[in-house]
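Here is the structure we will look at.
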Amino acid sequence: MSLLVYNVLKREKMPFEPLYEGRVNMYVCGPTVYDDAHLGHAKNYVSFDIINRYLRFLGYDVLYVQNITDVGHLLDTGEDRILRKARQAASTPMQIVETFTRSYFEDMDALKVLRPDISPRASAHIPEQIQMIETLIQKGYAYEVDGNVYFSVQSYPEFGKLSNRRVEEQEAGTREAVRSDKRHPADFALWKKADPEHILRWPSPWGEGFPGWHIECSAMARKYLGDTFDIHGGGIDNIFPHNECEIAQSEACNDAEFARYWLLVGSLMVPDEFGNPVKMSKSLGNFYTIKDALALYRPEVIRAFIASGHYSNPITFSTQALEDAQTGWKRMYTAVHFLRERMRFAPESDEGNSILETVRQTRQQFLDAMNDDFNTPNALAALYALTREVNDMLYSNTTIGRNVLVAINDAYTELGGNILGVVPEQTVNCNPEREADLIRFLVQMRRDARKARNFQLADQIRDELAKRGVTIIDPTNEESFWYV
RNA sequence: GGCGAUGUGACCGAGUGGCUAGGUAGCGGUCUGCAAAACCGCUUACACCGGUUCGAAUCCGGUCGUCGCCUCCA
């Protein structure tokens, strides 16, 4: 069975066929780095991480580009988001950007999100953006008014094709603050003139200013992925106007199709005071930062929670939902751990290999699910079904050969680990404090044994510790010291 | 108002015509020195009203509810 994906642009599920055989070029809209990322961001980027991992699993040579937006997002007050934060923190914009870019990568690394191949920053691609704007002006798709440059939506008849909106049908001018220098209310800025107090500014053919919000993605996608590429991803909440503007700019500028498949992720919701789900967002204040969540839950648990719903659907968050996901995940995690421990002393044989049929079915079900538009809930269900059988086996008194255990572990490691990222490579969790405490406990046991004149046990403890690099010395008969 | 979605059992959440999704919670059981875990079984479903069909949670029409976007947002 081949991979099917739901293409928002065509509004149908269709076979995935990359432009160049064996290669996938993918662009995903990245974060605006002005604050710590929250779980809504986690849903988005973990979802695309799983997509990225699965495409690689299928053997595609994936080039994954995800931008860092560090200029040009305006609040409705007309202020630049990053500037406002900078003013609050009494620091310069680039310090803010640097701080939260690092924070973002910290969070993503902690969540086991594989880094994109390229993480281009908008501020580092001003010339590319200017060049693109110049082309658009030359071709008659854009016009300059007093240092501002706007894209003319009427010059591009297909504007709105992704979100199925018609410019004429939109309530024109509902915003009273429509800038009077626009020819059409729906026209959007490619370049904005910088006010004197605006710190983030660059020289351009139209004077000092900064790029509009949408042009960065078009410019950077073109630079790294070409005029036409395979997958464009992002959050569904950015379908309009952002994604729509990207398409218009890029296709008008390049005379080529922009992205061939559009995959958009559903929002993370939080119940409001009436119990109705609403989007987790900065502005509503109903968010949990990734850092806060990671202080309480393992990254695999957060990933399992996210994977429990389909990427394109919204998912309702609550601490209870996360707890429930954790309980279920733990059953699988523990089974894998027991499996790995059992491998340490299992006989070299194929005993108990009847379960391998279940393993085969699990793989099949898992891959069928993933091939069906990355259906992670069904993929997880396959692993849970396997876990039931594995536990049944592990808790029974039958002998299981090492080869069988290895085969099961391989399935978990590949499907649950490499693809979904919910099964860690290492299920033994080290903790220096705990290790020291265990040694103290053994030393105490040995002292009790000596008191009871059970020298056989006492010596055994000393020898076993010594084998592991722990030395015991007995300065007195009352107390013992140890060191590693 | 326009556009796009959606309404599944106590909760989260898959599922597009007939075959138990899964997870959590609850109840009962097996196992067990205790505890825990694990496994087995079970209960509460497809918003409402009509229609198509041998048969619909699944298709069609209508009603009601909810959400997203239309302004910054992943």
Side-chain angles (χ1 to χ4, degrees), chain A residues 8 11 13 28-32 34-35 37-48 66 69 72-81 84 160 162-172 174-178 186 213 233-244 264-269 271-272 274-284 287 304-305 307-310 312-318 320-332 334-335 338 365 369 372 375-385 387-397:
Chain A
V8 177
R11 306 217 167 260
K13 206 184 274 185
V28 172
C29 286
T32 303
Y34 66 101
D35 212 339
H38 57 65
L39 287 174
H41 299 98
K43 179 181 188 311
N44 197 42
Y45 299 119
V46 167
S47 295
F48 279 110
Q66 185 192 111
T69 296
H73 266 213
L74 297 181
L75 298 167
D76 46 12
T77 58
E79 273 186 308
D80 187 293
R81 199 159 222 163
R84 191 174 75 160
L162 182 68
S163 59
N164 198 23
R165 279 166 220 248
R166 294 279 157 270
V167 171
E168 317 84 63
E169 290 170 1
Q170 301 297 310
E171 295 261 333
T174 43
R175 264 177 82 203
E176 289 312 312
V178 167
W213 170 32
I236 186 72
D237 49 355
N238 268 339
I239 190 171
F240 190 94
H242 181 63
N243 297 151
E244 212 65 82
L264 300 177
V265 172
S267 303
L268 185 67
M269 314 296 278
D272 66 10
F274 307 109
N276 293 323
V278 293
K279 194 176 73 170
M280 179 180 285
S281 72
K282 205 90 211 170
S283 51
L284 290 176
F287 60 90
F305 169 71
S308 75
H310 189 259
S312 66
N313 285 346
I315 184 168
T316 305
F317 172 84
S318 66
Q320 186 60 50
L322 200 50
E323 286 284 340
D324 293 349
Q326 174 171 252
T327 308
W329 169 84
K330 199 170 178 184
R331 200 179 86 238
M332 176 168 65
T334 309
F338 288 169
Q365 192 188 333
D372 184 17
N375 192 323
T376 54
N378 282 339
L380 269 180
L383 292 179
Y384 281 123
T387 299
R388 219 165 266 292
E389 300 242 2
V390 166
N391 273 327
D392 198 26
M393 180 192 81
L394 290 173
Y395 280 77
S396 71
N397 277 324

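Chain letters run A, B, ... following the sequence lines, proteins first and then strands; every chain starts at 1.
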Using a 4.0 Å heavy-atom cut-off, write out nucleotides 11-23 of chain B from 5' to 3' as B (base contacted by protein), S (sugar-phosphate only) or - (no contact). -SSSS-----BSS
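- Here N375(A) pairs with nothing under the side-chain hydrogen bond (donor to acceptor under 3.5 Å, both in side chains) rule; sequence neighbours left out.
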Counting primed atoms plus P, OP1 and OP2 as sugar-phosphate and everything else as base, spell out the protein contacts along nucleotides 27-36 of chain B at 4.0 Å heavy-atom distance: B, S or - for each nucleotide, 5' to 3'. ----------
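- Between S47(A) and A74(B) there is no side-chain N or O to OP1 or OP2 distance below 4.0 Å.
- With sequence neighbours excluded, no residue forms a side-chain hydrogen bond (donor to acceptor under 3.5 Å, both in side chains) with T334(A).
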How does RNA chain B read in dot-bracket, base by base from 5' to 3', with Watson-Crick or G-U pairs under 3.5 Å and | used when the partner is on another strand? (((((((..(((.....[...))).(((((.......)))))....(((((..]....))))))))))))....
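- S163(A) meets the side-chain hydrogen bond (donor to acceptor under 3.5 Å, both in side chains) test with R165(A), E244(A); sequence neighbours excluded.
- Annotation: ring pair (Phe, Tyr, Trp, His ring centres under 6.0 Å) contacts of H310(A) (sequence neighbours excluded): none.
- Judged as a side-chain contact (heavy atoms from CB on, under 4.5 Å), and not counting sequence neighbours, the contacts of N276(A) are D272(A), F274(A).
- Residues that satisfy the side-chain hydrogen bond (donor to acceptor under 3.5 Å, both in side chains) test with K13(A), not counting sequence neighbours, are D372(A).
- Residues satisfying the ring pair (Phe, Tyr, Trp, His ring centres under 6.0 Å) criterion with F48(A), sequence neighbours excluded, are absent altogether.
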Every protein N/O lying under 3.5 Å from an N/O of nucleotides 44-47 of chain B:
none

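- In this structure, the side-chain contact (heavy atoms from CB on, under 4.5 Å) partners of N238(A), at least two apart in sequence or on a different chain, are W213(A), H242(A), N243(A).
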